[in-house]
Chemist: 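So that we are looking at the same thing, I have put the structure below in structure tokens.
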2 protein chains.
Amino acid sequence: MVTETKLSPAEMSERTGVSIDTLRYYEREGLVQNVTRAENGHRRYSENDVLWIGVLRCLRATGMTMEQLRHYCELGAQGVTTIPERRQLLTDHRAVVEQQVAELNEALALIDHKLEYYR
Amino acid sequence: MVTETKLSPAEMSERTGVSIDTLRYYEREGLVQNVTRAENGHRRYSENDVLWIGVLRCLRATGMTMEQLRHYCELGAQGVTTIPERRQLLTDHRAVVEQQVAELNEALALIDHKLEYYR
DNA sequence: GAACAACCTGGAGCGCACTCCAGGTCAAGC
DNA sequence: GCTTGACCTGGAGTGCGCTCCAGGTTGTTC
């Protein structure tokens, strides 16, 4: 379709749960690329941008740093030749997340142990 | 036993994996209490302190803030009457950690989805 | 045409959890 | 008695990820 819905910053913020300031910050830092503009210079976000912000927030929530995300974005911008590296990056991060899950489970065990003790 | 092994700051740091500066910082902030001193004024940590630092780090690693940990410590210092509140605090935090696990699992699913896409 | 709202930019400020530093004490070894 | 090293204190500095601000433009509404 040619007629793609475009979102204003306020709408984008509403849709993603990310503040307008943070959206601009991400763009400045290279974590969101090629945001289009209306004739008056205002940003217009696409549905793809909405999806990407979702991914971005998800990866951030698992401890991926701004730096790593920027790198991942740059790879994406460079085209399909970087797919192996992107896959590697995600695979590595996957291991980090699994490690986090393991640590949280340890923490749960410790909390349960403490709770047991308080009974 | 009366003859309890006491650890110097350097030994404590070695044992817990927490830097000497951070150990002092925790003490200043009320997260580690009643650290004994040698005659020359140097700190001497007990095995109990080692255990407590382990718990503290575990709770910190799950996102419990310094503020919450300080509160938990203060409750501990106030004696057994605060046990219900401590139990409540841990129970609440347990739910937070479970929520984190759920989010990490969502992230893993997303990463796997992306990886699938790159294949 | 005045007021208002939504947005723009560059840059400053903030909160958290450390981390580092300057200047000093004290005990042990040479 | 001088150096060295481990420690002390109070306070300043750091890095990350936002968050806020001042001053300006544009478009709409009364």
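What's counted below: heavy atoms across the whole structure, side chains too, no hydrogens, waters or symmetry copies. Below, chain A is the first sequence line, B the second, and so on; all start at residue 1.
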Chemist: Test of understanding: with salt bridge (Lys or Arg N to Asp or Glu O under 4.0 Å), list the residues that count as partners of A:R28, not counting sequence neighbours.
Modeler: none
Chemist: Quick one: B:L7 CG to D:dC7 C1', roughly how many Å, whole number?
Modeler: 15 Å
Chemist: At what distance, to the nearest 0.5 angstrom, does CE of B:M66 lie from CG of B:L56?
Modeler: 7.5 Å
Chemist: What pairs of nitrogen or oxygen atoms, one from the protein and one from nucleotides 14-20 of chain D, lie under 3.5 Å apart?
Modeler:
| residue | atom | partner | partner atom | Å |
| --- | --- | --- | --- | --- |
| D:dC18 | OP2 | A:Y26 | OH | 3.0 |
| D:dC18 | OP2 | A:R60 | NE | 2.9 |
| D:dC18 | OP2 | A:R60 | NH2 | 3.4 |
| D:dT19 | OP2 | A:T22 | OG1 | 3.4 |
| D:dC20 | N4 | A:D21 | OD1 | 3.3 |

Chemist: Suppose we screen for salt bridge (Lys or Arg N to Asp or Glu O under 4.0 Å). Which residues come up paired with A:E39, at least two apart in sequence or across chains?
Modeler: none
Chemist: Once you round it to whole Å, what is the distance between C1' of D:dG11 and CD of B:E29?
Modeler: 13 Å
Chemist: CD of B:E11 versus P of D:dG5: gap in Å, rounded?
Modeler: 18 Å
Chemist: Determine: side-chain N/O of A:R37 to OP1/OP2 of D:dT26, distance under 4.0 Å, yes or no.
Modeler: no
Chemist: Show me the protein contacts with nucleotides 23-30 of chain C, counting only N or O atoms at under 3.5 Å.
Modeler:
none

Chemist: Quick one: side chain to side chain donor-acceptor pair (under 3.5 Å) partners of B:S13, sequence neighbours excluded?
Modeler: none
Chemist: Is A:S8 near enough to C:dC7 that one of its side-chain N or O atoms lies under 4.0 angstrom from OP1 or OP2?
Modeler: yes
Chemist: Using the side chain to side chain donor-acceptor pair (under 3.5 Å) criterion, which residues pair with B:T65? Sequence neighbours excluded.
Modeler: B:Q68
Chemist: Not counting sequence neighbours, which residues clear side chain to side chain donor-acceptor pair (under 3.5 Å) with B:H71? List them please.
Modeler: B:E85
Chemist: How close or far is atom C1' of C:dA17 from atom CG of B:L31, stated in whole angstroms?
Modeler: 11 Å
Chemist: Would you be so kind as to tabulate the donor-acceptor pairs closer than 3.5 Å made by side chains of residues 101-110 of chain A, with sequence neighbours excluded?
Modeler:
| residue | atom | partner | partner atom | Å |
| --- | --- | --- | --- | --- |
| A:E103 | OE2 | A:Q99 | NE2 | 3.4 |
| A:N105 | ND2 | A:V101 | O | 3.3 |

Chemist: Within the 4.0 Å heavy-atom criterion, would you say B:A38 contacts the bases, only the backbone, or no part of the nucleic acid?
Modeler: nothing
Chemist: How long is the line joining CD of A:E27 and P of C:dC8, in whole Å?
Modeler: 8 Å
Chemist: Using whole Å, report how far CG of B:L23 lies from C1' of C:dT19.
Modeler: 13 Å
Chemist: Using a strict threshold of under 4.0 Å (side-chain N to carboxylate O), is an ion pair present between A:R15 and A:E11?
Modeler: no
Chemist: With sequence neighbours excluded, give me every salt bridge (charged side-chain N to carboxylate O under 4.0 Å, His left out) pair touching residues 52-68 of chain B.
Modeler: B:E67-B:R70
